Student: 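One structure, pasted below without further comment.
For clarity, every value in this text was computed on a predicted model and none was experimentally measured.
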Amino acid sequence: MCGIVGIFAHAPVNQDIFDALTVLQHRGQDAAGMLTCQDGQLYLRKGNGLVRDVIRYRDMQCLQGQLGIGHVRYPTAGSSSEAEAQPFYVNSPYGIALAHNGNLTNADLLSADLFRTDLRHINTHSDSEVLLNVLAHELQTLGKIQLEPKDIFSAITQLHQRVKGAYAAVALIVNHGLIAFRDPHGIRPLVYGERTTALGKEYMIASESVALDTLAFTQLTDVAPGEAIYIDMQGRLHKQQCVPVVSLNPCSFEFVYLARPDSMVDGISVYHARMEMGQRLAEKIKREWPDNDIDVIIPIPDTSRTMALPVANALNLPFREAFIKNRYIGRTFIMPGQSLRSKSVRKKLNPIDMEFKGKNVLLVDDSIVRGTTSKQIVAMARKAGARKVYFASAAPAVRFPNVYGIDMPSRDELVAFNRTVDEVCAFIGADKLIYNDISDLIAALKICNPAIEKFDTSVFDGHYITSDVTPAYLEALEQKRSDRAKQANGVERTSVIDLSNSI
């Protein structure tokens, strides 16, 4: 996943976009970028690293304008080179820039079609550049100098007919305004809101509501599946449903791990959803392990704190913060490369020995993906003196790759793939392992918003909402995106054209 933001204001937007990207930093720590527009001139700064490291004070002075978009990247496909940092830009037609969160499942076919039929060159291996060029082509076919809202929506309607997969995007069209759209299944999140100033209404679009909250925007609603939002240069908001038949299927892993707990996603409080996951996990423990000998409940910070507390309360056991997190180490799950993830765990967490010594501890985590992090944490607990180490996952077993924008690409890199619960338990070195059931996960989410009938649970059950995910597609994806493939590729690609500075 990535984090995206777009702002229309009556004053310079550079500081607001910077602050919003910082709030969304948990969604991507690999690269960051910002593009603004003033009087038909675009200003762009992007590169590898955290927001504060990529966009410096001298850059902020150059990023002029009252209209802009931003992006924080978490790589899934392609490389981690600066050439693939976002936003992307094309000069024809009009001048268009785009930032995207998700993954296009037909990106390769689209890229070939863009070259052969639309006569457009894709300069990177990023599906976001593909999405931008599809949008640009559909706008260009209109053949109009001045665009009306109906033209914007017509182009996005055509885009939906060509593009498959998960995508939430914001785009800026020079001298026309800001647009945003979401795939027909609503897999990746996108919200928008407004705030009133002395000069008039201002609008913001972002991946999570927490970005709006921080900048005093009032959330209006989520961008609906297949819906498009257009804010013109006069500050008028237009919206239209661009796909007639849609179904809201938000990604369940957003609520398990990706989103911040203080966000609202599709009408669901992430915090309350995680509390419900913990409550159901506790009920399973009481049901299947009534004679347990657990002495203490210990969360793996940070995400699982919200889940572990209901477990402790329901089991009438003490809750202890026995792992202390180094705040200056990033989220290990979203670090590119297995070796880097492994090295970071011990630097990230440090145990308080007195909370482990001589005790039977239940470690609660949000999920288990590759298993290497869990294995190291169990070993740390034993070294700190724990007599027995039990492990509980608030999410079901992750057994299948994700194709919608999360770095779970290869089945044989998922510890639960083709393994029983006991085999996973042995791999991570625990004395007992308990997973939440998928039915309980769905129930926890539905209790927060009963109107949502289905969620994307593909990483747990292997059911992919889009119809184009075949065994052959998964095999090709694994060859391209596994850790082994990334290591084999070796040298990062670079762009022929340097767009890292103002344009």
Student: Taking only residues two or more places apart in sequence or in another chain, which ones pass salt bridge (charged side-chain N to carboxylate O under 4.0 Å, His left out) with Lys432?
Tutor: none

Student: Is it true that Asp59 and Arg45 make a salt bridge, defined as a side-chain N closer than 4.0 Å to a carboxylate O?
Tutor: yes

Student: Any ion pair linking Arg387 and Asp293 (charged N to carboxylate O, less than 4.0 Å)?
Tutor: no

Student: Roughly how far, to the nearest 0.5 Å, is CD1 of Ile298 from OG of Ser304?
Tutor: 11.0 Å

Student: Hey, are Glu84 and Ser126 close enough side-chain-wise for a donor-acceptor pair under 3.5 Å?
Tutor: no

Student: Please tell me whether Asn249 and Asp456 have a donor and an acceptor in their side chains that are separated by less than 3.5 angstrom.
Tutor: no

Student: Measure from the ring center of Phe323 to the ring center of Phe356 and say whether it is less than 6.0 Å.
Tutor: yes

Student: Ignoring hydrogens and geometry beyond distance, is a side-chain donor-acceptor pair present between Tyr167 and Ser128 at under 3.5 Å?
Tutor: no

Student: For the pair Arg370 and Asp407, evaluate salt bridge (charged side-chain N to carboxylate O under 4.0 Å, His left out) and give the outcome as yes or no after the intermediate values.
Tutor: CA-CA 11 Å; Arg370 291 168 172 87; Asp407 193 18; 3.7 Å; yes

Student: For residues Thr105 and Asp468, is any side-chain donor paired with an opposing acceptor at under 3.5 Å?
Tutor: yes

Student: Looking only at the side chains, is there a donor atom on one of Arg411 and Asn418 sitting less than 3.5 Å from an acceptor on the other?
Tutor: no

Student: Sequence neighbours excluded and cut-off under 3.5 Å, please list the side-chain donor-acceptor pairs for residues 437-448, or say none.
Tutor:
unit_1 : atom_1 : unit_2 : atom_2 : d
Asp437 : OD1    : Lys284 : NZ     : 2.8
Lys446 : NZ     : Glu453 : O      : 3.0

